[in-house]
Structures are given as structure tokens and as C-alpha cells.
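Residue numbering restarts at 1 for every chain, and letters A, B, ... go by the order of the sequence lines. Excluded from the calculations below are hydrogen atoms, water molecules and symmetry mates; all remaining heavy atoms, backbone and side chain alike, are included.
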2 protein chains.
Amino acid sequence: MEPSAFREHHPSMCRAREILDRVGDKWSLQVIALLGERTKRFTELKREIDGISQRMLTVTLRGLERDGIVTRTVYPVMPPRVDYSLTPMGATLMDAASTLVLWAETHLDEIDAARADYDARAAEIETLKTS
Amino acid sequence: MEPSAFREHHPSMCRAREILDRVGDKWSLQVIALLGERTKRFTELKREIDGISQRMLTVTLRGLERDGIVTRTVYPVMPPRVDYSLTPMGATLMDAASTLVLWAETHLDEIDAARADYDARAAEIETLKTS
DNA sequence: CAGTATCCGGCGAGATACTG
DNA sequence: CAGTATCTCGCCGGATACTG
């Protein structure tokens, strides 16, 4: 894995931020992960993503569709039925993002420890001030 | 690369979101990328990151420091001097994130095309409505 | 079922002013 | 130089109500 893209951060980095805006928002990653399993319907996604509102699921799916990451298939039946699935590009994005998710899982404990340590030091400094 | 972490999205996915909150915010990635080059000072970072405010650079660096991703070294001199650099864990994060950055650069054109296509279709539907 | 429309509160982040 | 302290505004996203 060559992090060459990082070395010259201008101007590719600012474009890369657009992608992180997409995948880094509150819900996109979870939607992508679930569609990575298989094609799903709107209500199925809503049921499986804890805490998401109808509105935000719609907004998230529209954004992903616009970027060519998911496809939206409408069946003109009653009651309406809409299927969502990953595009080929969406599947490659899922693989790329999984690297980060893996990193996160690997370092969660280390990060928690670092935070606890930092907060403890900050609290100590605070008590020194008041004394 | 095994995206197994994605397959069972609960509850590891919600924890993973915390990491994406860190790396996915507006400035963290650029800071990490720049510190990947070498240790740098506050003003140096501010100069190299276009558009960042003093406040947001401070906030970003504090967050990264709290999570054990960057170290902050204060030299008690006048005028003050503070060095920032990546921790070993920060360096591994940079490698993991570079996968996503690479993906972004690879697919930027494809995404732009998808957006243009989507927007064109949306505009067309809009004109059909009014006619 | 799969949405859209509307209202609204909180907070992320910019601008500005001040300091050890 | 390397910050902190406020004030402020925009907009993200939750809640709710309505619809083909």
C-alpha cells in the first residue's frame, strides 16, 4: 500500500475530502455495509439501521445514488417496491472503506486508553489550578 | 483484504463511526497527511492548510492529540514554540486512510460523471412536469 | 410501502478580539 | 508564536404530518 497520494496533498487532497464527506457522514457507511450483504428494500434498511429517520435514509440513499454508488430500482406495483443495491463502484468503495474500519477495530482500545489518559491529565491540571 | 468487519455491522460498526468522525471531519485528514511528511509547528500547519482558522486548527490538533494520533511538544521559550508530529499509531492510521484517498482519486472522474448524469436526468424530469 | 413537506433546535465552525 | 474567549450564523438532522 503506497500512501503516495498523501505526500503531495495539493490539490488532490481537497477533492479526496469530497469522498470523505460522502462516506464520512452519519449514515452512508452503514448503508453501504448493509447493501454489501445483498440487495435490500427501503424498509429493510430502515429496520436494520438503528436510530435512522425516514428522512435521513432517503437523503443518504439519494446522495449515494447520485454519486453512482448505489442503484435504485422502482417496481411500479401496489404497494410500491424499491430495491437498493451497490453498483460495482460501490463495491470497490466498500472494500476501500473496510481498511479503515479494520484499523478502527484494531485500535479502539488504544484510542480509548489514550482518551482516558488525556482526560485524566486535563482533570489533574484543573485541580492544580483551583488549589 | 477481507471486508469481514463489514459483514457483521453490529455493534462494531457504531464504534467504527467514532473513528470516521475523527478522520472524516473537515480538517483531520489534511493535518495527518502533513504531519506524515515530518514534524511541524502550529503556524507551519496553518500556512499549509488552505482556509483553516486558528481556532479549528487548535480544535483539530487537540482532538487528534487526545486520541493518541499526534503528539504535542511544548518548548518553554520566548516566543513560544510547539511541535506536532504523528505517533506510531497515527502513522498506521495514515496508511489505512490512504487506501480511501487512493480510491477517491481513482474514482473522482467516475463520480463526477455519475453526478452530472443524475443532475441532468433530474432537470429533465423537472421540465417534463412544468410542460 | 416508500416516500415528500415542513418546522425547528443544537452545534459545528467562521470572524473577531484578546493574551502568556 | 501559539494559542484562548466570545459571539454569531448556517445548516444538519430529528420529529411530525401528509401522500401516490
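- The side chain of A:F42 sits closest to C:dG3 out of D:dA2, C:dG14, C:dG3.
- Cluster annotation: A:M56 is connected to A:I69 through the hydrophobic network of ILVMFWY side chains, with a link wherever side-chain heavy atoms come within less than 4.5 Å.
- A:D50 has its CG atom 17 Å from the P atom of D:dG13, to the nearest Å.
- Shown for residues 53-62 of chain A: residues whose heavy atoms fall under 4.0 angstrom of DNA chain C, namely A:Q54, A:R55, A:T58, A:R62.
- Proximity of residues 63-86 of chain B to DNA chain C (heavy atom under 4.0 angstrom from any strand atom) is restricted to B:P80.
- When both distances must be under 3.5 Å, the Watson-Crick or G-U wobble mate of D:dT19 is C:dA2.
- The residues A:R66 and B:D119 are annotated as salt-bridged, a charged nitrogen and a carboxylate oxygen being separated by less than 4.0 angstrom.
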Checklist entry - Is there a side chain to side chain contact (heavy atoms under 4.5 Å, CB included) between A:R55 and A:T58 once you walk through the steps? => result CA-CA 5 Å; A:R55 177 183 133 80; A:T58 302; 5.8 Å; no

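- Counted by atom type alone, A:T92 and A:D95 present zero donor-acceptor pairs between their side chains at under 3.5 Å.
- In this model, the phosphate group of C:dC1 is not approached by any side-chain N or O of A:K46 to a distance below 4.0 Å at OP1 or OP2.
- Taking each heavy atom of B:S28 and B:T60 in turn, the nearest pair found is OG-CG2, 3.5 Å.
- Taking 4.5 Å as the limit, some side-chain heavy atom of A:L61 sits within range of a side-chain heavy atom of A:F42.
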